[in-house]
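Note sheet for the following structure.
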Amino acid sequence: MKQVVHTVCPHDCPDACSVLVTVEDGKAIRVAGNARHPVTRGFLCGKVAKYLERVYSPERLLYPMRRVAPKGTGGAAAFARISWDEALDEVAGRLKRASEEFGPESILPYSYGGTLGQVQGNGMDRRFFHRLGASQLERTICSEAGEVGLLSVTGAKWGVAPEDYVHARYILAWGANIHGNNIHLWPFIEEARRNGAKLVVIDPFRTRTANAADWHLPVRPGTDVALALGLMHVIVGEQLHDAEFLAQHATGFDEVRKRAAAYPPERVEAITGIAAGDIVRLAREYVESQPAVIRLNYGVQRSENGATAVRAISMLPVITGAWRRRGGGMTLSTSGTFGLNKRALQRPELMTTALGRPARSLNMSLLGKLLTDSSLTPPVKVLFVYACNPAAVCPNQNLVLEGLRRDDLYTVVHEQFLTDTTDYADLVLPATTFLEHKDLVTSYGHHYVQLSEAAIEPLGECCSNAELFRLLAARMGFDESCLQATDEEMIDAVLSGGEAVLSGITQPALEREHWMRLRLPLTDGAYLPFADGFATPGGKAQLASAAFAARGLDPVAEWSAPAESRQGEQASSFPLELLARKHDNFLNSTFCNLPGHQKMERRGELQMNQADARTRCIADGDLLRVFNSRGELRLRARVDGSVGPGVVAAHLDWSRGGAEESSPARNVNALTSDRLGDMGGGPTFYSVLVEVEKA
Ligand code: SF4
């Protein structure tokens with residue numbers, strides 16, 4: 001008998017799609033986007049449309065396995081099957097031994113966006129590691145710098161609803177490849193364009209979104225701060241700013257006026273590569289075509305000055321008063337809207353049971369350093385990886401692998417497949433996909449809370465994240481009842497904060513409705529996040545930030561060249577700026593291993609400008625050595641003009657999938673830097689210099 005089950009895609013994507021799974025005789029036979037969902041609107045991206053290939057892949061991990069070959073050896077032959085009893089005993093024993101010998105902070109949990117579900121990605125794991133007294137993980141690898149920059153101006157991660165993009169008349173996609181990783185915004189943009197809106201893309205790479213836009217401005221990597229200040233120069237200089245909105249809702253405008261005066265278009269052209277005339281035209285069009293909305297994405301903040309860049313860009317809709325109008329303003333993330341009770345979900349007070357104090361925090365972006373730093377006290381002795389593939393996604397891959405190779409490091413990985421990271425795991429535990437467990441999913445691109453039901457039983461001996469940590473808590477002898485809470489109890493906990501936006505949004509209601517829109521405050525039927533003030537302590541947008549000043553940063557925003565950039569201090573040895581990009585049809589390192597997804601991407605290539613290829617006598621298709629002081633890769637030249645002169649681009653992939661003749665296997669992170677950005681502790685994937693030669 002067939003039935004249709006409501007699930008939600010929890011992958012690291014702003015769209016958080018409502019996914020209908022058709023199940024027959026216990027087997028999922030079809031996945032489809034829910035046509036009734038206001039944002040999903042009946043379709044899925046190319047990644048998840050083929051999801052059953054992932055769920056039923058012959059490569060799925062189906063039972064626990066222990067390493068029987070040297071670390072660094074991958075493939076099923078490197079492991080031997082064991083029972084769950086053996087696996088749990090071994091992990092619990094290792095955790096106890098490390099705690100006794102080195103203290104519980106010698107244990108480092110390591111997870112990120114493998115699932116964004118509240119229960120399976122943010123819940124029982126946190127309770128368990130808090131109770132254990134393990135080191136806390138600063139989850140900085142993706143969005144932290146952007147969050148700092150945005151909050152410094154607006155005070156909250158709120159943004160324009162995707163449905164309201166239809167009202168915009170000017171849409172500025174700034175570092176946002178909407179086609180690649182926010183595809184459910186596209187129909188709203190197309191509707192706006194049918195109504196006369198213009199789509200402008202600011203991006204150093206000619207993305208699919210840039211190809212489809214009305215105007216593409218290929219800004220030099222890491223120069224977005226200067227471009228934003230140049231736009232302010234024109235807007236303020238020509239008296240196009242919204243003086244009334246600024247007087248009512250912002251502080252620091254005089255400081256901005258003075259700063260912007262130092263960024264005339266000619267100077268900004270020299271920094272950004274965007275012609276002065278285009279800067280003037282862009283500024284005028286942006287102000288005069290209201291409502292105007294900026295879709296900012298997280299690429300911009302992955303430079304050394306990334307938080308400052310987001311801060312500067314966030315000032316634009318304040319200065320122009322774009323927030324006044326439906327369809328005007330900016331979206332970086334909507335995640336701050338949801339009012340979740342994270343304390344009830346994660347129970348941070350459990351840390352004091354083990355330690356009598358909060359555990360230390362370690363920055364995930366520095367994994368290589370953390371694992372190889374002999375002065376770290378206590379050293380990391382147990383690494384517990386779940387919902388993440390750090391051997392592939394962390395910067396400075398050679399240092400990360402050096403750390404993972406340590407014989408005295410015990411590494412556990414809870415995963416759906418053998419990955420770059422399991423090549424270094426002592427123990428591998430099989431994980432469920434979202435079709436096999438229950439969860440509550442929010443979003444960073446829309447305003448719907450959704451319940452994701454389990455559509456099928458776990459395959460083989462796969463275990464959900466929440467269940468794994470319940471089992472481990474019992475093995476460790478932890479007797480707090482919250483460590484045995486059911487998934488349903490965890491969902492009730494995270495919805496329990498009493499926030500007005502969650503009023504009436506309960507588990508029984510979600511079981512009926514499947515998704516519910518947040519109870520957002522409306523003005524004439526529209527959600528206008530900052531039309532009547534901002535979420536800062538004083539209620540005003542902070543165009544001059546005391547917090548930035550206290551950290552030694554410019555209180556407004558000032559462009560400075562990333563040290564690792566063509567205009568920076570390290571320009572001489574490696575003259576090309578590398579964009580370490582994501583494939584449109586993979587999601588970070590997820591999906592890279594599936595044949596159906598691989599067919600949709602060109603892999604193992606370095607995209608170059610014709611001028612840079614010519615000076616190096618490189619032709620399309622040549623095998624290249626791409627290198628810097630951190631590592632090297634072999635990639636095939638693709639001389640296609642996707643990037644401007646002085647810039648090259650390569651994609652993130654699994655180490656064994658992307659690069660050619662690269663031994664030992666490496667991916668683009670062999671070249672990226674673990675230097676941190678200006679604020680937020682995030683990595684600088686887009687401040688990377690390399691040189692290229694024929695191999
Ligand atoms: S990855 Fe994004 S677009 Fe694709 S199904 Fe999941 S939420 Fe939707």
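Since the structure is predicted, the reported quantities are computational estimates derived from the model, not experimental observations. Counting starts at 1 for both ligands and their atoms, following the listed order.
A perpendicular orientation is assigned to the rings of H11 and F434, their planes being inclined by more than 60° (bins at 30° and 60°). Note on ring orientation: taking the six-membered ring where Trp is involved, the planes of H447 and F338 are parallel (angle under 30°, cut-offs 30° and 60°).
For the 3.5 Å distance criterion, the side chains of N34 and T40 fail to qualify, holding no donor opposite an acceptor.
Nearest residue to atom 8 (Fe) of ligand 1 from P14, G33, P10, C17 is C17 (criterion: closest heavy atom).
Checking C13 against atom 6 (Fe) of ligand 1, every N/O/S atom stays at or beyond the 2.8 Å cut-off.
The distance from ligand 1 to the heavy atoms of A16 drops below 4.0 Å at these ligand atoms: 7 (S). Which parts of ligand 1 touch H184 is read off a 4.0 Å heavy-atom cut-off, strictly below it: atoms 3 (S), 8 (Fe). In the vicinity of C45, heavy-atom distances shorter than 4.0 Å reach the ligand 1 atoms 1 (S), 3 (S), 4 (Fe), 5 (S). Interface of V48 with ligand 1, defined as ligand atoms under 4.0 Å from a residue heavy atom, comprises 1 (S), 4 (Fe), 5 (S), 6 (Fe).
The closest side-chain heavy-atom distance from H414 to V412 is not below 4.5 Å.
The single protein non-hydrogen atom nearest to atom 6 (Fe) of ligand 1 is C9 SG, 2.3 Å, given as residue, atom name and distance.
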ask   = Stepwise, does the side chain to side chain donor-acceptor pair (under 3.5 Å) test hold for D214 with Y170?
value = CA-CA 11 Å; D214 299 295; Y170 207 74; over 6 Å; no
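Electrostatic pairing of K438 and E511 counts as a salt bridge here, judged by a charged N lying under 4.0 Å from a carboxylate O.
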